Undergrad: 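Pasting in a structure now, in structure tokens, and then I'll have a few things to ask.
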4 protein chains.
Amino acid sequence: MPETQLTRRERERLRHRKEILEAAVELFSEKGFYNVSMQEIAQKAEFATGTLYKFFENKEDLYKALVLEQAEKFHESAIRAIEEPEDEIDKIRSYVETKGQFFTANIPMIRLYFAETRGASFNIKAGLDCEIRKLYEDFLLRLASIFETGIKKKRFKKIADPYYLAVALDSLTNAFLFLWLEDPERHPYRQNVEKILQIFFKNLLNK
Amino acid sequence: MPETQLTRRERERLRHRKEILEAAVELFSEKGFYNVSMQEIAQKAEFATGTLYKFFENKEDLYKALVLEQAEKFHESAIRAIEEPEDEIDKIRSYVETKGQFFTANIPMIRLYFAETRGASFNIKAGLDCEIRKLYEDFLLRLASIFETGIKKKRFKKIADPYYLAVALDSLTNAFLFLWLEDPERHPYRQNVEKILQIFFKNLLNK
Amino acid sequence: MPETQLTRRERERLRHRKEILEAAVELFSEKGFYNVSMQEIAQKAEFATGTLYKFFENKEDLYKALVLEQAEKFHESAIRAIEEPEDEIDKIRSYVETKGQFFTANIPMIRLYFAETRGASFNIKAGLDCEIRKLYEDFLLRLASIFETGIKKKRFKKIADPYYLAVALDSLTNAFLFLWLEDPERHPYRQNVEKILQIFFKNLLNK
Amino acid sequence: MPETQLTRRERERLRHRKEILEAAVELFSEKGFYNVSMQEIAQKAEFATGTLYKFFENKEDLYKALVLEQAEKFHESAIRAIEEPEDEIDKIRSYVETKGQFFTANIPMIRLYFAETRGASFNIKAGLDCEIRKLYEDFLLRLASIFETGIKKKRFKKIADPYYLAVALDSLTNAFLFLWLEDPERHPYRQNVEKILQIFFKNLLNK
DNA sequence: GATGAATGAGTTTTCATTCAT
DNA sequence: GATGAATGAAAACTCATTCAT
């Protein structure tokens, strides 16, 4: 196992890095990039200010690392979710479900991730946008190709550009995640998304 | 008309206020709340820094005024859009169209408005959220009640909670506005939204 | 008079700038660039920290302005000193005298000026070097051409490259300025320089 | 020989100390005291930061050791240079030559040494000044006494205070070392210094 | 109302120094 | 002696806000 081949030092270093990131997500998610100071993060993570700079070049870099690492994790999960099932409909269901699971287990990331992908991210001057949006765009295209294949296989009717179907699906799931975030009891993600997707699918499916 | 009953002084004051806000939207929309300084706005509006404070208590207040006034304008248009037509389907069509018209004519506002309604608005410590979200929520309820009435009138099938239908509709239109914003030529709002709504409606409509 | 055509505001601004520079020379000259903080300068000049940044982009810029402005003043004086007299020997005497007058009246500048021209100026990353050294080099060339002319006119023997004569003259005057700086009573600049120059001239002159 | 009586441990320690100092001269000479960090020196010397503190109390101490040790070496050479020859003129020639040899072989030290002796050394708060300047002053006095002896022996005319002759000699050699440093090809130290000294000596010598 | 210079608290970032291993 | 992660004080710089004119 590679984990155990790291020296103690290296393992500690990784742990500390993780601790910093964990303190940071919470703060950023709650107050936003500009309302969180490095001191604040350091304090929450129980390190000195200077220590943060051993791990991250600057505040922006810390934020980027944070969002990008989570985005990559989500991405992997999402890709796995759409690759496993055979059937196109199952792929989509699997995605919707995985997305729900990922974010309901990572609540602080929801705001950050959406701010960076769909949102008006003014947070970071540039750069982050670039990488994370590339990931996002890449995934949209994969979703689109599922719709495309489904259409070719005559599983779906050809009612719209597959890319737009992907965009629509993504935006609907986001909307219901937000509802869930605001009031989890009242707006359970799974059931709600389910119903909306039915509207979608009933019409999309060739009987 | 009340406008003409204002003194010259008052008219000038209003004009100046408007000039400041106009300079501000552009800057905020381009760089975000925290990357725009009051001096920058003053310069763009061709006033002295101090003058801004004759019109707005502070930076936050200026931003709030900006977003709220636009939000109110949009809401008026949107409400008018859903009140005029008789038929529920027409109401919804009218809303979608009006939304498109409003924002394509107010590009800089798109980012700000979405950041505040759906987005992870960390921009402002608090308060703005409150008022603008109330407006937004109010409108969602109106949309919901259109669906509800439609269902009652048997125009629509009862496939989902009307509120969720409203949320879905809103999120879809947003998604297509964003696409349009990114590449207006390639992703014309009207046509795209049209197609997606058809998926919606075909299934929603009782034949 | 152009001075009086400045608005009161402009005149005040210039005065403030000057006050800042005056506080700064003393501090820099005493402790060196890196041992003086902007706060310290601000305090000594009786302004707020931020105010310094209205006048100078950054600490380096403030330092540059300081040294360069003085260097330019000295330059003008020095050039005037060598242009007025007819005779080559008088030109050189005039320079030596003017240099003494300038720096004995601007004690804090001695260290700064020498640090930047002849010294190992590590103070500033770059740039200042450039401009100030250009001035300095320019002046050395003027001095050299005085020697050259003197040689052509047979006032001087042709005992060495005129440029090296200039360098030698400059370095000797510096050395005696330093001595004076360390102990003005014991090492009066004028008399000492006088004697040394005699060594120079006696051999340089064609009887 | 004492060297071989050191234990292996002690020899290693000395070697490490030397390695650190060697890394440090280069860096200090290139960038100056304040633009070099201890971590940088450690890295260049291939030691850990903490190790530097086993050898030197602090950064200043390291710098002092560096400059002082070199200064002492130079002084020994210089003293040897003026002690060996019999004749006063030869002593001076020997000094000028030795100085050239020492610094052309120790380029990085030129800047540091001059900064500390003649220059506006703001580098170090204090203390270094003291010791190194004492060495320097001591040497100037030795030079002065050579001139004095020469005068007594009627080798030299009594044209100026011997101390000032020493200062002049030193400042001229420095000036030509600087020229050489800037462009070694164009300004060869030996030849240039030679010519300038002739001006000096021709007049100084009693035929 | 308009001006814009001045303010100074607050933020990011650096780096000499320490210390547990 | 060697390591290098952690420290935290100190510095540069920004900018919302004030206020005398």
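Naming convention: chains lettered A, B, ... in sequence-line order (proteins, then strands); numbering from 1 in each chain. Since this is a predicted model, take the numbers as computed values, not measurements.
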Undergrad: Applying salt bridge (charged side-chain N to carboxylate O under 4.0 Å, His left out), can you list everything that pairs with B/E10, at least two apart in sequence or on another chain?
TA: none

Undergrad: Please determine which of D/L27, D/T49, D/V25 meets the side-chain contact (heavy atoms from CB on, under 4.5 Å) test together with D/I41.
TA: D/L27

Undergrad: Tell me the interatomic distance from C/E40, atom CD, to F/dA10, atom P, rounded to whole angstroms.
TA: 13 Å

Undergrad: Rounded to the nearest Å, what distance is computed from the CG atom of residue C/L14 to the P atom of nucleotide E/dA5?
TA: 12 Å

Undergrad: Name all residues meeting the ring pair (Phe, Tyr, Trp, His ring centres under 6.0 Å) criterion together with A/F55; count only those two or more places apart in sequence or in a different chain, and write none if there are none.
TA: none

Undergrad: For A/F55 and F/dA5, what is the distance between atoms CZ and C1' respectively, to the nearest whole Å?
TA: 8 Å

Undergrad: In dot-bracket notation, what is the pairing pattern of DNA chain F, taking Watson-Crick (N1-N3 plus N6-O4 or O6-N4) and G-U wobble (N1-O2 and O6-N3) contacts under 3.5 Å, with [ ] crossing and | for other strands?
TA: .||||||||||||||||||||

Undergrad: For C/E12, enumerate each residue passing the salt bridge (charged side-chain N to carboxylate O under 4.0 Å, His left out) test, keeping only those at least two apart in sequence or located in another chain.
TA: C/R15

Undergrad: If I take atom CZ in residue A/R11 and atom P in nucleotide F/dA5, what distance separates them, rounded to the nearest angstrom?
TA: 15 Å

Undergrad: Please report the closest heavy-atom contact between C/N58 and C/M38, naming both atoms and the distance.
TA: C-CE, 4.3 Å

Undergrad: Taking only residues two or more places apart in sequence or in another chain, which ones pass salt bridge (charged side-chain N to carboxylate O under 4.0 Å, His left out) with D/K44?
TA: D/E26

Undergrad: Please report the distance, rounded to the nearest Å, between CD in C/E19 and P in E/dA5.
TA: 16 Å

Undergrad: I need the CD-P distance between D/Q43 and E/dC15, as an integer number of Å.
TA: 13 Å

Undergrad: Among residues at least two apart in sequence or on other chains, which ones pass side-chain contact (heavy atoms from CB on, under 4.5 Å) with A/K73?
TA: A/Q70, A/F102

Undergrad: Roughly, in whole Å, what's the span from NE2 in B/H16 to P in E/dG1?
TA: 10 Å

Undergrad: Which nucleotides of nucleotides 15-21 of chain F have their base under 4.0 Å from a protein heavy atom (B), which only their sugar-phosphate (S), and which neither (-), written as one string 5' to 3'?
TA: BBBB--S

Undergrad: Just to be sure I understand the rule, does B/F56 reach a base, reach only the sugar-phosphate, or reach nothing, if contact means heavy atoms closer than 4.0 Å?
TA: nothing

Undergrad: Going by salt bridge (charged side-chain N to carboxylate O under 4.0 Å, His left out), name the residues that satisfy it together with B/E46, two or more places apart in sequence or in a different chain.
TA: none

Undergrad: Applying ring pair (Phe, Tyr, Trp, His ring centres under 6.0 Å), name anything that partners D/F47, two or more places apart in sequence or on another chain.
TA: D/H16

Undergrad: Calculate the interatomic distance between C/E10 atom CD and E/dT3 atom P; express it in whole Å.
TA: 16 Å

